[in-house]
Enquirer: 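Have a look at this one.
Order of appearance sets the numbers: ligands from 1, and atoms from 1 within every ligand. These values consider heavy atoms only, across backbone and side chains, with no hydrogens, waters or symmetry-generated copies. FYI, the numbering just counts along the sequence from 1. This structure is a prediction, so every number in the text was calculated from the model and none was measured.
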Amino acid sequence: EMQGGVTVVVLGASGDLATKKSFPCLYGLYKRDLLPEKVHIIGYARSKFSREQFVKKITQHIKTDSEEDKKKLDEFLKFTEYISGAYDKEEAFKDLDKNISDWEQKNKLKKGQKNRLFYMALPPSVFLSVASGLHNSTRTTEGKNRLVIEKPFGKDLESYKKLNSDLAPLFDEKEEVFRIDHYLGKEMIKDITTLRFANMLFSPLWSGYHIKSVQITLKENFGTEGRGGYFDEYGIIRDVMQNHLLQLMSVLAMERPIRRDANAIRDEKVKLLRSVKPIKMEDCLLGQYTAANDKPGYLDDETVPKGSTCPTFAALAFYINNERWDNVPFIMRAGKAMETSKVEVRIQFKALPGILFEDAPHNELVIRVQPNEAIYIKFNNKSPGFSDDCLLTELDLTYKNRYSNLQIPDAYESLLLDAMRGDRANFVRDDELEASWEIFTPLLHRIEKDKIVPEKYPYGTRGPAKLSKFMDRYGVVHTPHN
Ligand code: BG6
């Protein structure tokens, strides 16, 4: 827990992440009275903005629906300021330090109360020079220093290790580094631990004895529009699978942690990740979208290199080498420019042994992460009335119908608050990331070395035509929704 006051410095304040997420979420926390009483927010970037330009920039994605909101936003802006400075000059970081110290002094913060949270909303190219500038000139010795960092954490195992060993002397892994994977801040992903470990109804069924397959799916109905430059260097696997979806998978599949604290949970996740078998090339289907329905293809994006073979879609099957999951395929799918936007987990159960109800559909448990958060179970019921037919129906927990005044925080709100409070349960530890890269690196290198050409799929569709056969191979039962 943080004692006293806090200065939050958002580095890269004029970038996409800062304007779309960091500032709106800091404001969101303030609006709900969740920020500490003594708080100071600094946007830091290279551009020379006037106060007016800065305010315009950071409020462009903030909605203020009522007079009350507008008043709150004005208050928020009173303790939020902009500093323009270099990313590679000691002087600049000393000035930043001076600014923070002045505020700490003005607010009569005592030793132990002068906390600093550095949020790096920065591209990897300037990452280390900023971290070292902060280390040399902007750290406090009279409170906590916390460094919040975002992907990309390298591009493969080797570059990840390099990045980590460069960072290690600057900020302490155990006390100071907070690696964000924003999927861990999503309500439904946080709920998985409760669902699994607080319910007799699910806990005994959670294994290959009862489960036939697990699908983890992320679809987006938009392309890389404008982000082609970044995306082409990474591809869909590094963009959302090695991190977001693998984190989701590790929460779904891990053994029961001995306690609900950060290290106990992350110990289990690491153990799980280390049990994942290397992905075989035949368990990988790649796609790339083409122009359709007036929408441009991936290669039409001017920021994308000509003839790029970067995948914008991938389906991967994982197997986990432990007793719980022996032979159960975890099928991960992610794609840009698809027919819809949604993130969901679909767990298909085995058929009940015996044939009293022939052809009864399989049970399914679906966790819909977004949009419209829900958990629902598909089960067989007697068709009500004179018929004895067996009918597939749903037990449906759609959040907005069940919980009145539902307020689901943005993932970044939830994680920023955790970082301020020092709760690391939903941040990624170094050994987790290392294990994640170990799973993906051989596959990624193989794809790149062999220049595997992705299958084309038209913008706005369900992915490559080969997908359906791919899913069949893992015994996935087709339903209208998967
Ligand atoms: C980001 C990826 O990390 O996650 C994006 O870089 C992707 O390409 C995004 O669109 C998805 O996050 P969300 O919260 O919108 O599902």
Side-chain angles (χ1 to χ4, degrees), residues 12 15-22 24-25 28 61 119-125 127 148-155 160 178-192 215-249 251 286-289 295 298 301 303-304 308 310-314 332-345 367-374 399 408-416 418 426-428 433 436-437 440 444 459-460 463:
D16 231 39
L17 179 64
T19 50
K20 285 202 183 123
K21 293 291 176 188
S22 320
C25 289
H61 297 291
Y119 189 113
M120 309 270 267
L122 290 167
S125 52
F127 189 84
V148 179
I149 53 181
E150 284 264 350
K151 74 154 217 275
F153 303 117
K155 292 187 75 175
Y160 164 69
F178 288 75
R179 280 187 205 81
I180 284 202
D181 184 308
H182 78 285
Y183 268 54
L184 292 177
K186 289 189 189 276
E187 183 72 22
M188 300 311 287
I189 297 178
K190 292 203 287 187
D191 186 46
I192 291 171
Q215 296 166 63
I216 301 172
T217 307
L218 182 160
K219 297 184 180 192
E220 290 177 327
N221 63 4
F222 49 88
T224 54
E225 285 114 54
R227 288 173 81 221
Y230 151 79
F231 191 87
D232 200 81
E233 258 194 63
Y234 290 86
I236 194 75
I237 297 179
R238 289 185 179 93
D239 189 43
V240 297
M241 299 172 105
Q242 181 268 346
N243 35 52
H244 306 331
L245 298 189
L246 190 65
Q247 283 294 326
L248 174 46
M249 180 170 130
V251 179
L286 302 177
Q288 188 186 72
Y289 65 90
K295 301 279 195 178
Y298 180 67
D301 186 331
T303 51
V304 167
S308 164
C310 174
T312 61
F313 170 96
M332 199 184 268
R333 252 181 305 171
K336 301 265 176 200
M338 307 207 59
E339 86 285 11
T340 184
S341 282
K342 77 171 171 194
V343 176
E344 72 171 25
V345 175
I367 302 167
R368 190 163 60 223
V369 176
Q370 67 193 39
N372 194 14
E373 292 81 354
Y399 272 40
I408 295 182
D410 186 281
Y412 279 94
E413 289 179 336
S414 163
L415 293 174
L416 273 167
D418 286 350
N426 290 313
F427 290 86
V428 183
L433 212 46
S436 307
W437 278 123
F440 277 91
L444 289 163
Y459 197 121

Enquirer: Which heavy atom of the protein is the closest neighbour of atom 12 (O) of ligand 1, given with residue, atom name and distance?
Expert: His182 NE2, 3.1 Å
Enquirer: Can you list the atoms of ligand 1 that are under 4.0 Å from a heavy atom of Arg227?
Expert: 2 (C), 5 (C), 6 (O), 8 (O)
Enquirer: Check for me whether Val343 has a heavy atom closer than 4.0 Å to any atom of ligand 1.
Expert: no
Enquirer: Which ligand 1 atoms, with their elements, are less than 4.0 angstrom from a heavy-atom of Asp239?
Expert: 2 (C), 5 (C), 6 (O), 8 (O)
Enquirer: Just verifying a value: how many Å separate Asp232 CG and Thr312 OG1, rounded to the nearest 0.5 Å?
Expert: 10.5 Å
Enquirer: Does the plane of the ring in Tyr289 sit parallel, tilted or perpendicular to the ring in Tyr298? Use 30° and 60° as the thresholds.
Expert: perpendicular
Enquirer: If you round to the nearest 0.5 Å, how far is NZ of Lys21 from CD of Glu150?
Expert: 10.5 Å
Enquirer: What residue and heavy atom of the protein are closest to atom 16 (O) of ligand 1, and at what distance?
Expert: Tyr183 OH, 2.5 Å
Enquirer: Closer than 4.0 Å to some heavy atom of Lys336 - which atoms of ligand 1 meet that?
Expert: 5 (C), 7 (C), 8 (O), 10 (O)
Enquirer: At a 4.0 Å threshold, what atoms of ligand 1 neighbour a non-hydrogen atom of Lys186?
Expert: 13 (P), 14 (O), 16 (O)
Enquirer: Under 3.5 Å, side chain of Gln288 to main-chain N/O of Cys310, donor-acceptor pair present?
Expert: yes
Enquirer: Would you indicate whether Lys190, at its atom NZ, is surrounded by more than 12 heavy atoms from other residues, nucleotides or ligands within a distance under 6.0 Å?
Expert: yes
Enquirer: Mind checking the CG-CD1 spacing from Leu246 to Ile237? Nearest 0.5 Å is all I need.
Expert: 12.0 Å
Enquirer: What pair of heavy atoms forms the shortest contact from Tyr230 to Lys151, and how long is it?
Expert: OH-CE, 3.4 Å
Enquirer: Which atoms of ligand 1 have any heavy atom of His244 under 4.0 Å away?
Expert: 1 (C), 3 (O), 4 (O)
Enquirer: Give the residue and atom name of whichever protein heavy atom lies nearest to atom 9 (C) of ligand 1, and the separation in Å to one decimal.
Expert: Glu220 OE2, 4.0 Å
Enquirer: Counting non-hydrogen protein atoms only, what is the nearest one to atom 3 (O) of ligand 1? Give residue, atom name and distance.
Expert: Lys151 NZ, 2.5 Å
Enquirer: Is Phe231 touching ligand 1 with its side chain, its backbone, both, or neither, if touching means heavy atoms under 4.0 Å apart?
Expert: neither
Enquirer: Evaluate the side-chain proximity of Ile192 to Leu248: yes if any heavy-atom separation is below 4.5 Å, no if none is.
Expert: yes
Enquirer: Relative to the heavy atoms of Gln370, which atoms of ligand 1 are at a distance of less than 4.0 Å?
Expert: 13 (P), 16 (O)
